[in-house]
2 protein chains.
Amino acid sequence: MSQLPKQPAEVSVPTSADVARLAGVSRATVSYVLNNNATVRISEPTRRRVREAALQLGYVPHAAARSLRAGHSRMVLLPSGHIPAGPLHQYFFEELQSGLRRLDYTVVQYGSVGLTADEAATAWAELRPVAVVVPPGIALTPHGTGILTRSGAKAVITLGPGPVAGAHGLVMDQRQVGASAVEHLLARGRRHIGVVMPQEPCRAPFSEPRLVGARGVAEPAGARVCPLPLRYEEESAHRLAARWPELGLDAVFAYNDEYAMLLMRALQDAGVAVPADTAVIGADDSLIGRLLRPRLSTVRMELAMAQPLAETIDRMVQHPGGPPVHQDLLRTSAVHRESS
Amino acid sequence: MSQLPKQPAEVSVPTSADVARLAGVSRATVSYVLNNNATVRISEPTRRRVREAALQLGYVPHAAARSLRAGHSRMVLLPSGHIPAGPLHQYFFEELQSGLRRLDYTVVQYGSVGLTADEAATAWAELRPVAVVVPPGIALTPHGTGILTRSGAKAVITLGPGPVAGAHGLVMDQRQVGASAVEHLLARGRRHIGVVMPQEPCRAPFSEPRLVGARGVAEPAGARVCPLPLRYEEESAHRLAARWPELGLDAVFAYNDEYAMLLMRALQDAGVAVPADTAVIGADDSLIGRLLRPRLSTVRMELAMAQPLAETIDRMVQHPGGPPVHQDLLRTSAVHRESS
DNA sequence: TTGAAAGCGCTACCAA
DNA sequence: TTGGTAGCGCTTTCAA
């Protein structure tokens, strides 16, 4: 059977065996040198030959082979969903990533939109991460937690809004945001409080608990809470503003500063005076709120971490036996400006 | 030597061998069944036994072992940096991810801040991705491209702003944004044009080429371009606005709508009339621009993809030999509202 | 100081 | 229709 030569253009990726061959040593020696293994002494000339051979071939170790052999990886998986809400999250995740990298973990984000909770958990588990940090907006079930744990994850951490059985909960309880907003409005003498509910589905994991928090404060005080569906579009805002007189509200918590800007513009266009007729409060303490006229009252959010989360995760990975940690990272406070 | 039993709590992760044992078949059969291998016929009762065993043990295949054996992965690596600029990018990456997943690729984002271009390329190469898509703001050098290609990546794609030797370039040429903005301002009779340069470092990959584009249009027309450093803070904007009279500008391209909002507020507070004294144009065509008064003129951006990028990548992966693709995905157009 | 070899989990070839 | 088995790239123990 005459066989044509296999594709000659097919470049073969150099392995540690190629490095060993070029340096004239064994694969073991290559591994010792490139990993700076301290338990074994390799002569300086050999070290240099190995390093030069690796450089010359453009050798890059194969992470999968390494972790297969080691029996574990140092990968921390960060499922990612839709737009993470606000600069707070952006900052939080950058801190987390750089902290973990300093501790020599490999941080990988895995886009998980369009998967059910258990499909996603299985997909994550296939990568055999040593830890999984699930942000708000990504579903994690107790069953999914089980899948991950059984596949070797030493720490499964949910960032909220609520706890999940089997997982550590470093939650960001969004109910606080609604509670702080409504407390502020009550303190300013308002009693008929609208709560904007964004209709974009990716907002639901935040907006629902915020509404719950708002109710939890308003009802004991005898105030009324009215959910107000709103899409992030001018037309939706104008329709809501047109209904304003019949709603009989004297205040509104607008989900965040951007929705607040949208609604406030529509209210002003409809002749509703802010804050005289209706007080408005947003959330996020973003710059745009300070640029509005009247300046926007808002709920400021901060993350309290006794110690950087990266180190907490590292500890969980090293001592997997411990009891589930449950802690609320979020601290909220209302900031009074001119719109309330 | 009396040896205490190894940690009994140490749960062992089930492998295909465990599934085989429980189902009373060989590992080969397990592989055939779970991968729905069509080249081999397995009886229905056997299939069921295997599946039940897998379910009962909570078996999840080990992706690293699989791709090690296969000699290649289906991982597409998406390096991620700081905040991707604007909703356009958000949308773009979500489309890309879901498109790739439909084609059965695993999309993984790898946070690459704080690494040099070549360190990053090496870190990516260790994961042996089949393709790498480098967004704007992440550095990719020809050398880095070589590292990736030699470690088996079938397609290395940069999204701009400029081409990189060895990589495919599906660029988003930011110069167009500046050019469209300035063309618009010139058409409205302005000749002394400020260009806001955000001082946040993560903006530089966008702002620099935008300035270049602005210059490229202004200079042939005999107009003056003046770069205006600005931090995204009220105080920085007020200082810039205070210098406004001495700058002698009759128009400003404000980088994007958010910086435009910041600057426009500061100008108005300083008594500069918009657009009478100074025209302002932003970019991104975001909702906040339409909510401002005067309504903000802006540069709208769209991504032209002859066919979804995911399919282009799939083709590159399947036919790696092809010549480098070079294409500008960005389409820009000025939108005139009231601020210019 | 260095080398030989086993084995991590998986798939695909060949034999039964 | 099913099983045995080699081997992907790497690290690490043991032996020389």
Side-chain angles (χ1 to χ4, degrees), chain A residues 10 12-50 53-54 57-75 125-130 150-152, chain B residues 10 12-51 53-54 57-75 125-128 130 150-152:
Chain A
E10 187 75 26
S12 67
V13 180
T15 72
S16 75
D18 297 318
V19 177
R21 196 154 29 240
L22 182 60
V25 299
S26 75
R27 279 152 64 228
T29 307
V30 171
S31 175
Y32 293 143
V33 172
L34 297 184
N35 293 316
N36 285 313
N37 189 323
T39 68
V40 69
R41 310 303 304 172
I42 305 280
S43 69
E44 199 46 51
T46 305
R47 302 184 97 86
R48 208 173 31 243
R49 282 218 313 287
V50 169
L57 293 175
Y59 170 72
V60 175
H62 192 308
R66 173 178 292 175
S67 67
L68 182 59
R69 163 69 221 217
H72 59 260
S73 74
R74 286 186 70 80
M75 178 192 292
E126 290 188 357
L127 299 178
R128 297 290 192 273
V130 70
R150 267 194 312 275
S151 74
Chain B
E10 188 73 27
S12 68
V13 181
T15 72
S16 76
D18 296 319
V19 177
R21 196 155 29 241
L22 182 59
V25 300
S26 75
R27 276 150 65 225
T29 306
V30 171
S31 174
Y32 294 143
V33 172
L34 297 184
N35 294 317
N36 286 314
N37 189 322
T39 67
V40 70
R41 311 302 302 171
I42 304 279
S43 69
E44 199 45 52
T46 305
R47 301 185 98 84
R48 208 173 31 244
R49 282 217 315 287
V50 169
R51 277 198 247 274
L57 293 175
Y59 170 71
V60 175
H62 192 307
R66 174 179 293 175
S67 67
L68 182 58
R69 164 68 222 218
H72 59 261
S73 74
R74 287 187 70 80
M75 178 192 293
E126 289 187 357
L127 299 178
R128 295 289 192 274
V130 70
R150 254 176 289 121
S151 73

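Scope of the values below: all heavy atoms of this structure, side chains included, with no hydrogens, waters or symmetry mates. Below, chain A is the first sequence line, B the second, and so on; all start at residue 1.
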For A/E126 and B/V60, work out which heavy atoms get closest and say how close. CG-CG1, 3.5 Å
B/S31 has a side chain; which of C/dT11, D/dC10, D/dT2 sits nearest to it? C/dT11
Distance from A/R66 atom CZ to A/L68 atom CG, nearest 0.5 Å? 12.5 Å
Quick one: is C/dT11 close enough that its OP1 or OP2 comes under 4.0 Å of any side-chain N or O from B/N35? yes
Euclidean distance, atom CG of residue A/N37 to atom C1' of D/dT11 [Å, nearest integer]: 9 Å
Given C/dA6, D/dT1, C/dT1, identify the nucleotide with an atom nearest to the side chain of A/R27. C/dA6
dist A/I42:CD1 -> A/R49:CZ (nearest 0.5 Å) comes out at 10.5 Å
To the nearest 0.5 Å, tell me how far B/R21 CZ sits from B/T15 OG1. 6.5 Å
Tell me, do A/H62 and A/V13 make a side-chain contact under 4.5 Å, heavy atoms counted? no
What closest approach, in Å, do A/P129 and A/S73 show between heavy atoms, and which atom pair accounts for it? CA-OG, 4.0 Å
Is the distance from OP1 or OP2 of D/dG4 to the nearest side-chain N or O of B/S26 less than 4.0 Å? no
Taking side chain as C-beta onward, heavy atoms only, is A/S67 less than 4.5 Å from A/R128? no
Over all heavy atoms of both residues, which pair between A/V30 and A/V50 is shortest? Give the atoms and the distance, please. CA-CG1, 4.0 Å
Can you see which heavy atom on B/G58 is nearest to which on B/P14, and at what distance? O-CG, 4.0 Å
When the rotation axes relating C1' atoms of four end pairs to the next four are compared across the helix from C/dT1-D/dA16 to C/dA16-D/dT1, five pairs an end, they differ to 10° by 50°
What is the distance from atom CZ of B/R41 to atom CD of B/E44, rounded to the nearest 0.5 Å? 9.5 Å
In whole Å, I'd like the distance from the CG atom of A/L34 to the C1' atom of D/dC10. 11 Å
Using a cut-off of 4.0 Å on non-hydrogen atoms, how would the nucleic acid contact of A/T15 be classed: base, sugar-phosphate, or nothing? sugar-phosphate
Minimal non-hydrogen separation, A/L34 against A/Y59, with atom names: CD1-CE2, 3.5 Å
Could you tell me the separation between the CD atom of A/E126 and the P atom of C/dG9, rounded to a whole number of Å? 16 Å
Rounding to a whole Å, what distance do you find between B/H72:NE2 and D/dC8:C1'? 12 Å
Under 4.0 Å, heavy atoms only, any strand: does A/T46 hit a base, just the sugar-phosphate, or nothing? sugar-phosphate
Give the rounded distance in Å between these two atoms: CG of B/N36 and P of C/dC10. 16 Å
Round to the nearest Å and state the distance from B/R21 atom CZ to C/dC10 atom C1'. 15 Å
Grab the N/O contacts between the protein and nucleotides 13-16 of chain C below 3.5 Å, and write none if there aren't any.
| from | atom 1 | to | atom 2 | distance (Å) |
| --- | --- | --- | --- | --- |
| C/dC13 | N4 | B/Y32 | OH | 2.2 |

Answer yes or no: does a side-chain N or O of B/S16 lie under 4.0 Å from OP1 or OP2 of C/dT11? no
Sugar-phosphate only, base, or nothing, as touched by A/V40 at under 4.0 Å among non-hydrogen atoms: base
Which atoms form the tightest heavy-atom contact between A/R27 and A/S16, and what is the distance? CG-OG, 3.9 Å
Please list residues of residues 61-71 of chain B whose heavy atoms come under 4.0 Å from any atom in DNA chain C, ordered by number; otherwise none. B/P61, B/H62, B/A65, B/R66, B/R69
